[in-house]
> 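Quick one: the structure is below, questions incoming.
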Amino acid sequence: MPALDGCFAKIERAEFHLTELAIAVREYLQTAPFRIVGQYEEATHEYVIRAEAVPNYDPVPAHLNLIAGEVVHQLRSALDLLVWDLVIENTGAPPRGTESAFPIFRTADGYNRRATQMIRGVSDSAANRILHAQPFQLGDRAEEALTWTVQEL
């Protein structure tokens with residue numbers, strides 16, 4: 001399989017599951033598990049809109065969580081496979097051991113302590129790009145990075 005084909009296949013699979021999730025969520029919301037209530041608040045001169053759960057309504061179906069998990073799994077797996085392909089591209093051989101993975105760190109300290117072994121074998125150029133793609137590069141907004149969200153989920 002040519003380099004990165006597996007990564008792209010995993011991203012396509014994530015997109016498939018995302019579409020599947022959007023359809024399933026839309027179907028669930030059409031059953032009206034909540035109602036929208038609006039009310040003008042005299043004291044604050046604001047119109048407050050809130051969603052209230054319908055009493056005794058069924059919880060969110062388990063299959064929605066499973067589909068969401070598939071999206072996250074495919075995205076995380078694509079990143080890890082990227083490192084695998086980068087090692088092969090640079091060294092001509094697959095990574096050794098089980099530590100190979102795409103590092104995702106909220107802090108520079110965490111990255112500095114663990115990333116080297118995770119990306120062992122990638123080129124210096126690839127290592128530099130991975131470093132600059134880290135959530136901690138966003139400073140106080142590190143937790144807003146999509147990669148951090150994937151890591152946490």
Side-chain angles (χ1 to χ4, degrees), residues 1-31 33-34 36 44 46 48-54 57-153:
M1 179 181 307
L4 302 182
D5 279 0
C7 296
F8 289 122
K10 292 202 167 279
I11 291 169
E12 286 177 18
R13 190 68 178 166
E15 289 173 341
F16 168 82
H17 287 304
L18 201 53
T19 300
E20 178 185 28
L21 181 61
I23 292 167
V25 167
R26 191 174 316 115
E27 289 172 358
Y28 173 67
L29 293 177
Q30 287 175 349
T31 64
F34 59 87
I36 304 299
T44 61
E46 296 174 325
V48 177
I49 300 173
R50 39 177 216 279
E52 295 179 346
V54 174
Y57 197 81
D58 292 335
V60 174
H63 73 277
L64 295 182
N65 295 327
L66 296 175
I67 298 169
E70 285 295 329
V71 172
V72 173
H73 170 74
Q74 294 300 333
L75 292 174
R76 178 64 205 183
S77 182
L79 290 170
D80 292 340
L81 189 53
L82 172 62
V83 170
W84 181 273
D85 287 344
L86 289 170
V87 171
I88 293 173
E89 180 70 25
N90 189 49
T91 68
R96 295 181 189 195
T98 59
E99 295 178 346
S100 179
F102 191 95
I104 302 174
F105 288 94
R106 190 175 43 125
T107 66
D109 182 53
Y111 184 86
N112 293 333
R113 279 187 287 123
R114 298 203 31 233
T116 302
Q117 60 218 65
M118 297 172 78
I119 61 173
R120 181 178 293 125
V122 305
S123 69
D124 290 343
S125 174
N128 190 47
R129 292 184 85 167
I130 291 169
L131 169 66
H132 285 90
Q134 291 302 304
F136 70 80
Q137 299 289 355
L138 295 175
D140 292 344
R141 296 182 10 253
E143 292 183 3
E144 296 175 20
L146 178 58
T147 50
W148 183 251
T149 301
V150 169
Q151 177 69 14
E152 285 294 283
L153 292 174

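Nothing here was measured: the structure is a model prediction, and the numbers come from that model.
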> To the nearest 0.5 Å, what is the distance between CD on Glu152 and OG1 on Thr147?
11.0 Å

> Does Pro95 have any side chain to side chain contact (heavy atoms under 4.5 Å, CB included) partners at least two apart in sequence or in another chain, and if so, which?
Trp84, Val87, Ser100

> Nearest 0.5 Å, please: how far is NZ in Lys10 from CZ in Arg13?
9.5 Å

> If I compare all heavy atoms of Ala24 with all of Ile67, which pair ends up nearest, and what's the gap?
CB-CD1, 4.3 Å

> Just verifying a value: how many Å separate Thr107 OG1 and Asn112 CG, rounded to the nearest 0.5 Å?
8.5 Å

> With rounding to the nearest 0.5 angstrom, report the CG to CD distance, Leu21 to Glu70.
11.0 Å

> Side chains of Leu79 and Ile104: closer than 4.5 Å at any heavy-atom pair?
yes

> Heavy atoms only: give me the nearest Asp85-Cys7 pair and the separation to one decimal.
OD2-SG, 3.9 Å

> Distance alone, cut at 3.5 Å: any donor-acceptor contact between the side chains of Glu20 and His17?
yes

> How far apart are the closest heavy atoms of Ala145 and Leu138, and which atoms are they?
CB-CD1, 3.8 Å

> Once you round to the nearest 0.5 Å, how far does CD of Glu143 lie from CH2 of Trp148?
7.0 Å

> Taking Leu86's backbone N and O only, do any of them form a donor-acceptor pair with Asn90's side chain (distance below 3.5 Å, no angle check)?
no

> For the CD atom on Glu89, are there more than 12 heavy atoms of other groups (residues, nucleotides or ligands in this structure) within a distance under 6.0 Å?
no

> Which atom pairs, donor and acceptor, lie under 3.5 Å between side-chain atoms of residues 122-134 and protein residues at least two apart or in another chain?
residue, atom, partner, partner atom, Å
Ser123, OG, Ala126, N, 3.0
Asn128, OD1, His132, ND1, 3.3
His132, ND1, Asn128, O, 2.8
Gln134, OE1, Phe105, N, 2.8
Gln134, NE2, Pro103, O, 2.8
Gln134, NE2, Ile130, O, 3.1

> Would you please name every residue forming a side-chain hydrogen bond (donor to acceptor under 3.5 Å, both in side chains) with Asp80, sequence neighbours left out?
Arg76

> Could you go step by step and tell me if Leu29 and Phe34 meet the side chain to side chain contact (heavy atoms under 4.5 Å, CB included) rule?
CA-CA 8 Å; Leu29 293 177; Phe34 59 87; 3.4 Å; yes

> How long is the straight-line distance from CD of Gln74 back to CD of Glu12, given to the nearest 0.5 Å?
11.0 Å

> Does a side-chain heavy-atom distance below 4.5 Å link Thr31 with Pro33?
yes

